[in-house]
Amino acid sequence: MSKEKPSIPKGTRDFGPAVVVKRNYIFNTIKRTFEKFGYLPLETPAMEQLSVLTGKYGDEGDQLLFKILNSGDFLSKTKPEDLEQGYKNITRKVAEKGLRYDLTVPFARFVVMNRNEITFPFKRYQIQPVWRADRPQKGRYREFYQCDADVVGTNSLLCEAEIVQMINEVLTALGLTDFTIKINHRGILAGIAEAIGEKGREGDICVVIDKLDKIGAEGVRKELLERGISESAVAKLEPLYTLEGTNEQLLEQLQSILGETAEGQRGLADLREVWQYLSKLNSQALTASNASGIPRLMLDVTLARGLSYYTGCIFEVKVNNVSMGSISGGGRYDNLTGMFGMPGVSGVGFSFGVDRIYDVLEELMLFPDSSQVGTKVLLVQFDKDSEFYALPVLQQLRDAGIAAELYPEPAKLKKQMGYADQKSIPYVILIGSEEMASGKLKLRDMQLGEQQDLTIEEIISLLIK
RNA sequence: GUGGUUGUAGCUCAGUAGGUUAGAGCACCAGAUUGUGAUUCUGGGGGUCGUGGGUUCGAGCCCCAUCUUCCACCCCA
């Protein structure tokens with residue numbers, strides 16, 4: 001009989017108490033902001049029908065879906081000859097459900113299913129784990145949380161402006177000061193494609209441009225040529241990588257580059273409107289700037305984002321001076337629910353990467369002490385008498401809203417004190433024969449190492465501060 | 001999915017050319033100190049060296065497979 005060593009599946013993690021407390025601090029900060037902007041929570045099942053999920057993320061995405069084996073006799077629908085047609089054919093027959101791959105598609109499914117009950121514009125946020133059968137790497141897991149906020153059923157660019165506001169508010173509340181919100185517009189990218197003589201190729205161009213940070217101008221050049229973009233078009237594109245100036249100057253330069261392209265003009269007009277909204281909102285994103293004087297909100301024509309369903313404004317957020325990719329991103333999509341037969345619903349949404357934000361806050365040591373929760377006071381007992389004496393005291397403390405616990409057995413004092421020390425419990429109350437006789441309990445401040453004899457009322461008023 | 005990398009005590013890691021009984025620090029337990037924690041001192045428990053095969057007189061070390069870790073690519077949060 002071999003004793004099996006326990007383990008967890010590849011790419012998954014346990015979160016210990018200290019980590020959960022810090023993660024909740026991030027989640028709560030995000031929730032508070034979402035709700036302040038009128039977004040309400042939504043939860044959808046961990047599993048969806050496979051038919052809802054497949055075909056929504058491209059061939060690559062379909063490969064990364066976790067499928068759930070049908071219960072019972074999962075082979076009942078398969079025939080021996082199915083085997084010969086390969087695994088994909090079998091998969092369809094033995095698995096009808098899958099774990100959700102993101103929160104956006106389940107949201108679209110929800111909107112379509114509940115179109116008659118929903119009042120548009122519909123604003124929802126969703127904080128739940130998603131699963132991908134990707135190969136894990138640092139900062140990439142098979143189970144991870146997404147924090148999405150989307151609004152559907154309105155074309156108003158106020159939504160885009162409010163997204164900028166929410167990003168700014170959340171990151172500021174988390175103590176971050178040096179970050180950049182990059183914004184761009186798919187129309188501008190399409191306009192650029194047209195202006196350089198590659199109309200309609202903005203999809204390819206976006207995918208490649210998105211890698212500019214990573215592979216550099218040379219790498220982008222090579223890959224664009226590989227994808228069949230002409231030499232002259234690439235040459236016209238390259239000056240755009242290094243455009244400089246204020247946001248207003250950038251818009252001016254783009255105006256002349258994009259000329260009469262309809263898509264380009266649409267993009268410019270949208271961005272101008274977003275700026276207008278932000279300025280009326282007195283947005284801090286417009287006034288704040290990072291250490292090198294770059295405005296917090298920055299138009300970046302090289303921002304592309306790989307996802308193909310974006311059609312309008314796109315966002316990405318980078319914390320400066322830390323080695324970490326974007327911690328938030330999103331954009332407008334015109335036809336998310338179209339895939340479920342409900343066309344013409346425009347929406348805009350974005351998402352925070354909690355795991356990455358966690359790492360950034362850890363690196364910059366921005367988790368406040370107040371985000372630590374825990375027992376405030378430990379009651380130490382010596383025997384049955386002191387245990388019974390301590391019980392009503394314990395209840396009194398809890399009734400007063402003080403996190404209190406009684407060590408559950410009359411262990412050696414050294415052990416009980418050690419427990420308090422280990423759990424960083426700041427106060428200990430000793431209840432022994434002397435204390436029971438006098439009614440004055442011994443309160444020990446673990447940090448100062450001082451102790452005093454006090455009544456329970458005195459202790460409560462002291463701890464409640 | 002492609003190429004590479006990693007695995008030794010609860011944790012972080014040593015382990016020399018393949019050669020007796022696999023080590024250290026931290027952590028844990030006990031005692032010094034029967035009513036006082038993070039310091040100090042003394043002692044103690046704990047490893048089938050990721051797993052399964054193979055080569056060898058002999059394997060933690062070499063070979064194969066597998067799982068895991070991390071990295072680059074693909075893609076993405």
Side-chain angles (χ1 to χ4, degrees), chain A residues 1-13 16 26 57-65 87 100-104 126-148 206-208 210-211 214-215 219 223 304-308 315-318 323-330 349-360 378-383 386 407 410-437 441-453:
Chain A
M1 194 60 202
S2 66
K3 243 187 284 178
E4 194 185 331
K5 276 189 187 173
S7 63
I8 55 175
K10 182 194 278 219
T12 64
R13 297 158 291 167
I26 299 175
Y57 309 104
D59 286 345
E60 297 254 3
D62 285 353
Q63 301 287 319
L64 299 182
L65 288 173
Y87 75 97
R100 64 168 168 257
Y101 179 89
D102 70 0
L103 302 177
T104 310
Q126 194 170 350
I127 299 178
Q128 289 189 279
V130 302
W131 294 269
R132 296 183 188 178
D134 208 350
R135 188 177 290 201
Q137 267 181 50
K138 182 151 194 118
R140 277 175 87 165
Y141 305 96
R142 289 187 151 184
E143 177 185 65
F144 62 96
Y145 274 74
Q146 290 194 328
C147 300
D148 278 26
C206 284
V207 168
V208 181
D210 200 41
K211 301 180 190 168
K214 213 177 198 173
I215 59 178
E223 198 166 332
R305 293 190 63 77
L307 290 173
S308 56
F315 310 95
E316 201 160 279
V317 182
K318 172 95 180 65
S323 55
M324 180 63 69
S326 67
I327 57 166
S328 175
F350 74 111
S351 162
F352 284 109
V354 175
D355 295 295
R356 287 182 171 183
I357 291 175
Y358 183 95
D359 289 345
V360 168
L378 176 77
L379 276 69
V380 165
Q381 60 159 314
F382 295 97
D383 48 36
S386 77
Y407 198 87
K412 284 190 179 160
L413 192 48
K414 183 184 165 98
K415 174 135 179 129
Q416 301 191 51
M417 298 294 283
Y419 175 81
D421 184 45
Q422 199 117 60
K423 274 186 84 171
S424 304
I425 298 172
Y427 294 96
V428 166
I429 295 175
L430 298 165
I431 301 177
S433 48
E434 292 168 31
E435 288 77 12
M436 286 188 275
L441 310 181
K442 194 150 268 167
L443 179 73
R444 179 175 178 85
D445 182 321
M446 295 295 278
Q447 270 140 43
L448 302 176
E450 293 166 358
Q451 49 196 38
Q452 44 187 328
D453 298 320

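The chains referred to below are lettered A, B, ... by the order of the sequence lines, with proteins before strands, and numbering in each begins at 1.
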Contact class for [X] (heavy atom, under 4.0 Å): base, sugar-phosphate, or nothing?
| X | value |
| --- | --- |
| Gly449(A) | base |
| Tyr141(A) | base |
| Glu435(A) | base |
| Gln137(A) | base |
| Gln451(A) | base |
| Gly418(A) | sugar-phosphate |
| Ser328(A) | nothing |
| Gly11(A) | sugar-phosphate |

RNA chain B: 5'-proximal contact among Gly353(A) and Glu450(A) (nearest heavy atom):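 Whichever sits nearer the 5' end wins; that is Glu450(A).
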
Mapping Thr12(A) and Glu143(A) to their closest nucleotides on RNA chain B, which lands nearer the 5' end?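 Here Thr12(A) is the residue nearer the 5' end.
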
Please state how far atom [atom1] in [X] lies from atom [atom2] in [N], giving the value in whole angstrom units.
| X | N | atom1 | atom2 | result |
| --- | --- | --- | --- | --- |
| Leu65(A) | C75(B) | CG | P | 17 Å |
| Leu430(A) | U34(B) | CG | C1' | 15 Å |
| Asp355(A) | C76(B) | CG | C1' | 13 Å |
| Leu413(A) | U34(B) | CG | C1' | 11 Å |
| Arg13(A) | U69(B) | CZ | P | 11 Å |
| Asp134(A) | U68(B) | CG | P | 14 Å |
| Arg132(A) | C75(B) | CZ | P | 14 Å |
| Gln381(A) | U34(B) | CD | P | 19 Å |

Mind listing the closest non-hydrogen atom pair of [X] and [Y] along with its distance?
| X | Y | result |
| --- | --- | --- |
| Leu443(A) | Ile429(A) | CD1-CG1, 3.6 Å |
| Tyr145(A) | Pro129(A) | CE2-CD, 3.6 Å |
| Arg13(A) | Glu143(A) | NH2-O, 3.3 Å |
| Ser328(A) | Ser351(A) | OG-O, 3.0 Å |
| Tyr407(A) | Leu378(A) | N-CD1, 3.9 Å |
| Met446(A) | Val428(A) | SD-CG2, 3.7 Å |

[atom1] spacing across the pair [N] / [M], given as an integer number of angstrom:
| N | M | atom1 | value |
| --- | --- | --- | --- |
| U66(B) | U12(B) | C1' | 27 Å |
| U51(B) | C41(B) | C1' | 42 Å |
| A24(B) | A9(B) | P | 14 Å |
| C67(B) | U2(B) | P | 12 Å |
| C63(B) | A59(B) | P | 16 Å |
| G52(B) | U68(B) | C1' | 15 Å |
| C64(B) | U55(B) | C1' | 11 Å |
| C26(B) | G45(B) | C1' | 16 Å |

With side chains defined as the heavy atoms from C-beta onward, is the minimum distance between Tyr57(A) and Asp102(A) less than 4.5 Å?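 Side-chain contact under 4.5 Å: yes.
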
Do Leu441(A) and Leu430(A) come within less than 4.5 Å of each other through their side chains, counting heavy atoms only?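 No, too far: nothing below the 4.5 Å cut-off.
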
Heavy atoms within less than 4.0 Å of RNA chain B: which residues of residues 419-429 of chain A have one? Give them sorted by number.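 The stretch gives Asp421(A), Gln422(A) as the residues lying under 4.0 Å from the strand, ordered by number.
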
Spacing of NZ belonging to Lys442(A) relative to CG belonging to Asp453(A), to within rounding of 0.5 Å: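 Lys442(A) NZ to Asp453(A) CG: 4.5 Å, rounded to 0.5 Å.
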
What's the separation between atom CZ in Phe382(A) and atom CD1 in Ile431(A), rounded to the nearest 0.5 Å?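 Going from CZ on Phe382(A) over to CD1 on Ile431(A), the span is 9.0 Å.
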
What does the list of N/O pairs under 3.5 Å between the protein and nucleotides 31-33 of chain B look like, with a distance for each?
| unit_1 | atom_1 | unit_2 | atom_2 | d |
| --- | --- | --- | --- | --- |
| G31(B) | OP1 | Lys412(A) | NZ | 2.6 |
| G31(B) | OP2 | Lys412(A) | NZ | 2.9 |

Candidates [options] - which lies nearest the side chain of [X]:
| X | options | result |
| --- | --- | --- |
| Ser433(A) | C74(B), G37(B), G35(B) | G35(B) |
| Arg356(A) | G3(B), A77(B), C74(B) | A77(B) |
| Arg135(A) | G35(B), A77(B), U2(B) | U2(B) |
| Arg444(A) | G37(B), C71(B), G35(B) | G37(B) |

Which is it for Phe350(A) and Phe315(A) under the ring-ring contact (aromatic ring centres under 6.0 Å, His included) test, yes or no, and what are the steps along the way? CA-CA 8 Å; Phe350(A) 74 111; Phe315(A) 310 95; 7.4 Å; no

Would you mind checking if Arg140(A) and Asp134(A) are paired as a salt bridge, meaning a charged N to carboxylate O distance below 4.0 Å?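 Salt bridge between Asp134(A) and Arg140(A), a charged N being under 4.0 Å from a carboxylate O: yes.
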
Can we say Glu223(A) and Lys211(A) salt-bridge, meaning some charged N sits less than 4.0 Å from an Asp/Glu carboxylate O?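 Salt bridge present between Glu223(A) and Lys211(A).
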
Each base of RNA chain B marked ( ) or [ ] if paired in-strand (Watson-Crick or G-U under 3.5 Å), | if paired to another strand and . if unpaired gives ((((..(..((((.....[...)))).(((((.......))))).....(((((..]....))))))..))))....

Does the structure place the NZ or CZ of Arg132(A) under 6.0 Å from the centre of the six-membered ring of Tyr101(A), at an angle of no more than 45° from the ring's axis?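 Geometry flag: set, cation within 6.0 Å and 45°.
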
